[in-house]
Number of protein chains: 4
Amino acid sequence: MTRTVTAGTTDGGARPVPQRLLAAATRLFADQGYDRTSVQEIVEAAGVTKGALYHYFGSKDDLLHEVYGRVLRLQQERLDAFACADAPVERRLRDAAADVVVTTIENLDDTKIFFRSMHHLGPEKHKQVRAERRRYHERFRALVEEGQRVGVFSAATPADLVVDYHFGSVHHLANWYRPDGALTAAQVADHLADLLLRALRP
Amino acid sequence: MTRTVTAGTTDGGARPVPQRLLAAATRLFADQGYDRTSVQEIVEAAGVTKGALYHYFGSKDDLLHEVYGRVLRLQQERLDAFACADAPVERRLRDAAADVVVTTIENLDDTKIFFRSMHHLGPEKHKQVRAERRRYHERFRALVEEGQRVGVFSAATPADLVVDYHFGSVHHLANWYRPDGALTAAQVADHLADLLLRALRP
Amino acid sequence: MTRTVTAGTTDGGARPVPQRLLAAATRLFADQGYDRTSVQEIVEAAGVTKGALYHYFGSKDDLLHEVYGRVLRLQQERLDAFACADAPVERRLRDAAADVVVTTIENLDDTKIFFRSMHHLGPEKHKQVRAERRRYHERFRALVEEGQRVGVFSAATPADLVVDYHFGSVHHLANWYRPDGALTAAQVADHLADLLLRALRP
Amino acid sequence: MTRTVTAGTTDGGARPVPQRLLAAATRLFADQGYDRTSVQEIVEAAGVTKGALYHYFGSKDDLLHEVYGRVLRLQQERLDAFACADAPVERRLRDAAADVVVTTIENLDDTKIFFRSMHHLGPEKHKQVRAERRRYHERFRALVEEGQRVGVFSAATPADLVVDYHFGSVHHLANWYRPDGALTAAQVADHLADLLLRALRP
DNA sequence: GATGAATGAGCGTTCATTCAT
DNA sequence: CATGAATGAACGCTCATTCAT
């Protein structure tokens, strides 16, 4: 029951309330988990009251759903761009595989939320997110299958499993990657894409 | 599925109370998440009362900690066995990589809990689990490094990253693997170990 | 169902805003009760915004008070007309008793609100309504007493009690009368007036 | 989800907690209405905490349901006793009609709640209460019909309507009867039963 | 060893009302 | 005239934990 947001606040150039709420919720959900984050904490972090939150969002669950919508839209768009590029399939897969790593690292909070809190969505929203996730998976799988068909990738492993293998490592980034660590996002992306392509060598 | 009776069973033939509680908690935590599972649900599922739970466990948190202890112990033991085996390093790594997949699938509930509920542990228990997890990671990494040193594995990718790559896919199993799906645990393990080894080909 | 336009209608042909609000509130209060009806629901049903409601009415409470005012005025007027008619007292009482039944059934929503929501009015409005109600009661009682005095009605029962006996059954209509039931409003009115007159036979 | 209450408190001879809660709720519901009475008020009046209330009752709604259960049971039992008595039908109806007045006056709070708050029950409980109420109505109607059949009562009015006529006045008692008024409960009962019987004279 | 009544703090949510525009 | 964002207080309810028995 998300209400459409048309205008923002005017007080002193601050970001509009719904965006402030979404940002606060994203950070808190990622840090503490969905269940451990109270609505009170969110509104305090955003500097508004509960009433304001429920003016823009139908429920705490809705807030989570919005986060999912944002990250799903972003990733799908980027994947589409790479998959449709005019390049050999091994190049397109490599670029897509590396890009999802970079994008994930740049939005680590969203990713943490994505994989840890999916089951907190109500059944209907859960189903919707799973469907969008599925589309994403299949787009990626199509690339792998294309490469296997034309013979540049080994067909020893089912394409589905290959996709889950790679996404597993992407998902796992939220568990170990630290921005102040030894590797930049681009370096990690390069290595992980490399591992995928090497694993697919015929 | 162990049936070892260690402490005072009162109602002849049933498993002792602490084990019944642990089993009930494991299933419920995996199905609904730690926060969504009430102590009341656990004791009802185990067929005891709250008093009994608090007799054996100091807190709900303790219950979770016990689950972690069990799975960590199990995985460490198995890895140690494979790592110390008398075989070429590529064989030892392959066996270890495949075994963690099988073990994970056989204990999917524990794995779900492991990755989704770590942040529910209190700080000191959290630290303890992370330390044990680290030891496990390093044991595995040592195998990769050994292979790289002796030249049977490519050294293009840092060993740490290789380990996280593989464990990412293992962790991800809880998100997609279904016992009634197309592939058996052994087949999945074979494929994933294969992908790892192929990615490491010099 | 009046279509009298008293104040600034803006959107050609629709009833003015205050009347739309009052009608919406009446229906909702009767269906769900005063407390279960939110101001938001009322304004949505009336097709206006909250600001508009608070422009015309001081509070939600005010809305309820208006409903009371309308029904009280209507019933008092009708009773006065029957009581002052030029006819024998038994005829006048009978007609008045039957008319209040018909009027009540024709405005069942108002009646539901009347008896269920009186205690939701603020103290001074409550007192005011009770006073008007009292006047109505006394007007009716006067008819009974008149008949008792002239001997056409039995004086075995105090007139006050007779009035409450009849009004009890009128009040109760909202609990059981259904427009699609076996009896028309007129038939019910006839029967109830009959019972009253028969009970008063000397 | 009412839990069965097996034992009470031991501190100082006070009534057990569930009974204290029920008594407090009854009084408050009658005085202020169901919606206007907060759970907080109830527990404060009963001298316990919310947790205690929810230990014994599944919901606020449950509390209301218990009140209904008590009054329905009581009235049905009394009606049954009078209806089955060994006496002419006019005597049995008169006694039953008078008794329900006395019982109602003695439990005016319950009656207020009964007629004003029925629609606050959830659909399932509502249906159940309506069914029990229906049984009561039919038992009473059977008495009227019996009298009409044997000719001691006029058959001019449908028996159903006669019953609603009388119950209307009983229901209405909560709106006007005051214990410190001019009439005792027995006197009011006598008069109202009288009116009913006189209305039914052939 | 085990019970279950009771606590107390906190939860997500609702809502009549206000007020700058 | 009318809007709708925002408030602030209250709501019904949950739950891990304690403790007298």
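In what follows, chains carry the letters A, B, and so on, assigned in the order in which the sequence lines appear, proteins first and then strands, with residues in each chain numbered from 1.
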Decide, yes or no, whether a salt bridge links Asp109(D) with Arg27(D) under the criterion of side-chain N to carboxylate O below 4.0 Å.
no
Would you check if Tyr54(B) and Val39(B) make a side-chain contact, meaning some heavy-atom pair closer than 4.5 Å?
yes
Any side-chain N or O of Tyr56(C) below 4.0 angstrom from OP1/OP2 of dC1(F)?
no
For residues 25-49 of chain A, which residues have at least one heavy atom under 4.0 Å from DNA chain F?
Val48(A), Thr49(A)
Only Watson-Crick and G-U wobble pairs, only distances under 3.5 Å, only runs of 3 or more: what stems does that leave for DNA chain F?
E:2-21 with F:2-21
Over 12 foreign heavy atoms within 6.0 Å of CZ, Arg130(A):
no
Does dA6(F) have OP1 or OP2 sitting under 4.0 Å from an N or O in the side chain of His55(A)?
no
Without hydrogens or angle criteria, can the side chains of Arg70(C) and Thr26(C) be said to hold a donor-acceptor pair below 3.5 Å?
yes
Full working for side-chain contact (heavy atoms from CB on, under 4.5 Å) between Lys125(B) and Asp62(B):
CA-CA 9 Å; Lys125(B) 282 177 189 153; Asp62(B) 254 27; 2.7 Å; yes
Quickly work out the Leu21(C) CG to dA16(E) P distance and round it to whole Å.
14 Å
Would His65(C) and Gln128(C) satisfy side-chain contact (heavy atoms from CB on, under 4.5 Å), going step by step from the backbone distance to the final call?
CA-CA 10 Å; His65(C) 193 212; Gln128(C) 184 187 331; 3.7 Å; yes
From CG of Leu53(A) across to P of dT13(E) the rounded distance in Å is 9 Å
Is it true that, when you exclude Glu124(A) itself, more than 12 heavy atoms of the residues, nucleotides or ligands shown sit nearer than 6.0 Å to its CD?
no
Spacing of Leu21(A) atom CG and Tyr56(A) atom OH [to the nearest 0.5 Å]
8.5 Å
Between Glu41(D) and Arg36(D) the two heavy atoms that sit nearest each other are OE1-O, 3.4 Å
Taking DNA chain F as the partner, which of residues 58-67 of chain B come within under 4.0 angstrom of it by heavy atom?
Ser59(B), Lys60(B)
Per the atom types in the model, does the base of dT14(E) pair as donor or acceptor with the side chain of Lys50(A) at under 3.5 Å?
no
Please give me the minimum heavy-atom distance between Ala23(D) and Arg15(D), naming the atom from each residue.
CB-NH2, 3.5 Å
Looking at Tyr54(A), does any N or O in its side chain come under 4.0 Å of the phosphate oxygens OP1/OP2 on dA6(F)?
no
Expressed as a whole number of angstroms, how long is the span from Phe57(C):CZ to dT18(E):C1'?
19 Å
Report yes if some heavy atom in the side chain of Phe29(C) is under 4.5 Å from a heavy atom in the side chain of Ile42(C); otherwise report no.
yes
